[in-house]
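Notes for the one structure printed next.
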Number of protein chains: 2
Amino acid sequence: MREKYNCPVEITVEVLGGKWKTRILWELSQKNYYFSELRRAIPDITKKMLVQCLRELEESGLVARKEESGKIIRVEYKLSQYGENTIPLINYMSKWGMDHLYFQRETEKSS
Amino acid sequence: MREKYNCPVEITVEVLGGKWKTRILWELSQKNYYFSELRRAIPDITKKMLVQCLRELEESGLVARKEESGKIIRVEYKLSQYGENTIPLINYMSKWGMDHLYFQRETEKSS
DNA sequence: CGGAATCCTCTTCGATACTG
DNA sequence: CAGTATCGAAGAGGATTCCG
């Protein structure tokens, strides 16, 4: 986090910006995921980016990581309690995206 | 716009993503701006990026551009009627950013 | 004033290989 | 299974110059 922001949306862009973070949060808003499940849910993300984004979301306090040690190690990811505050925002972004897609399709037709 | 999306937030990221677009929309949600005013309102953006982002927001149908021809050319930018639909989203992102800043400051204290 | 056009840098992201 | 570590490509963004 920087020291000074001219506008609060800059903070949001800094924390949730980039290609993948909102997508990951959207998945985690549906249910908890093991790492490998999350990869299957987002097939086009690379392992590296998934790890990297999850780490950064964890650092931001939005995502909680739980290691299940056994013969095979599984790691569960879920929204932290605080992270659940992002759900309305993610839902809003999701709705806006769908509406915008519809708008685009309509304006294409009439051109 | 692509053809296929796995998740609606991808659309939103594609249209509003990047460092500047939400910031510009936030300014335009406050009032209409002449180009030069907008530059002063967002001092850290370069002229190139401002022009580029405004063009893309125009193409997306969110921003309207009005040229005032006179001795000196002035161009007014404002949200299009459709673009006003982004205001609630921008406000939500703004509120989330402020809340998150507060959260970060608090968790820093206790560490 | 409001751009367009280059050129260049830096970050983001992807591909691949390796590890406990 | 859930990661690290490197390397390289691509694209976003910045600095500068020129234009009507």
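So that the names make sense, note that chain A is the first sequence line, chain B the second, and so on, each numbered from 1. Bear in mind the structure is a predicted one, so any value in this text is a computation, not a measurement.
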(message) If we count only N and O atoms by modelled type, under 3.5 Å, do the side chains of B/E14 and B/Y5 hold a donor and an acceptor together?
(response) yes
(request) Check whether any side-chain N or O of B/S60 sits under 3.5 Å from a backbone N or O of B/V15 as a donor-acceptor pair, and report yes or no. (result) no
(request) Report the end-to-end axis angle of the helix from C/dC1-D/dG20 to C/dG20-D/dC1; each axis comes from five terminal pairs, and the value is rounded to 10°. (result) 40°
(message) For A/Q30, is the CD atom crowded, meaning more than 12 foreign heavy atoms sit under 6.0 Å from it?
(response) yes
(request) Rounded off to whole Å, could you give me the CD1-to-P distance for the A/I45 and D/dA2 pair? (result) 15 Å
(request) Figure out the CD/C1' separation between B/Q52 and D/dG13, and round it to whole Å. (result) 8 Å
(message) Please determine whether side-chain hydrogen bond (donor to acceptor under 3.5 Å, both in side chains) holds for the pair B/E68 and B/Y34, giving the CA-CA distance in whole Å, both sets of side-chain angles, and the decisive distance to 0.1 Å.
(response) CA-CA 10 Å; B/E68 286 180 11; B/Y34 289 110; 3.0 Å; yes
(request) For A/K71 and D/dA2, give me the distance from atom NZ to atom P, rounded to whole Å. (result) 16 Å
(message) I need the minimum non-hydrogen distance between B/N32 and B/K78, along with the two atoms involved.
(response) OD1-CB, 3.2 Å
(message) Without decimals, in angstroms, what is the distance between B/E67 CD and D/dG20 C1'?
(response) 12 Å
(request) Please confirm whether the backbone N or O of A/L89 pairs with a side-chain atom of A/T86, one donor and one acceptor, at under 3.5 Å? (result) no
(message) Tell me if a side-chain donor or acceptor on A/N85 pairs with a main-chain N or O of A/Y82 at a distance below 3.5 Å.
(response) yes
(message) Would you say A/K47 places a side-chain N or O within less than 4.0 Å of OP1 or OP2 belonging to D/dT4?
(response) no
(message) Whether the side chain of B/K48 and the base of D/dG14 hold a donor-acceptor pair under 3.5 Å is what I'd like checked.
(response) yes
(message) Nearest whole Å is fine: how far is D/dA2 C1' from A/K66 NZ?
(response) 17 Å
(request) Could you walk me through whether A/Y33 and A/E76 pass side-chain hydrogen bond (donor to acceptor under 3.5 Å, both in side chains), step by step? (result) CA-CA 6 Å; A/Y33 277 94; A/E76 191 191 48; over 6 Å; no
(request) Starting at atom CE of A/M49, determine the distance to atom P of D/dG3, rounded to an integer number of angstrom. (result) 15 Å
(request) Looking at every strand, decide which applies to A/R55 at a 4.0 Å heavy-atom threshold: base, sugar-phosphate, or nothing. (result) sugar-phosphate
(message) If I take atom NZ in residue B/K19 and atom C1' in nucleotide D/dG11, what distance separates them, rounded to the nearest angstrom?
(response) 15 Å
(message) For a 4.0 angstrom threshold against heavy atoms of chain A, report the outermost contacting nucleotides of DNA chain C in 5' to 3' order.
(response) C/dC13 to C/dA15
(request) Ignoring backbone atoms, establish whether A/Y77 has a side-chain N or O less than 4.0 Å from OP1 or OP2 of D/dG3. (result) yes
(request) With DNA chain C as reference, determine whether A/G17 or B/E37 sits nearer its 5' end, using the nearest nucleotide of each. (result) B/E37
(message) One pair to check against side-chain contact (heavy atoms from CB on, under 4.5 Å): A/I45 and A/I24. What are the steps and the verdict?
(response) CA-CA 10 Å; A/I45 196 174; A/I24 293 170; 4.3 Å; yes
(message) Measure CD/A/E68 against P/D/dG3 and give the value in whole Å, please.
(response) 12 Å
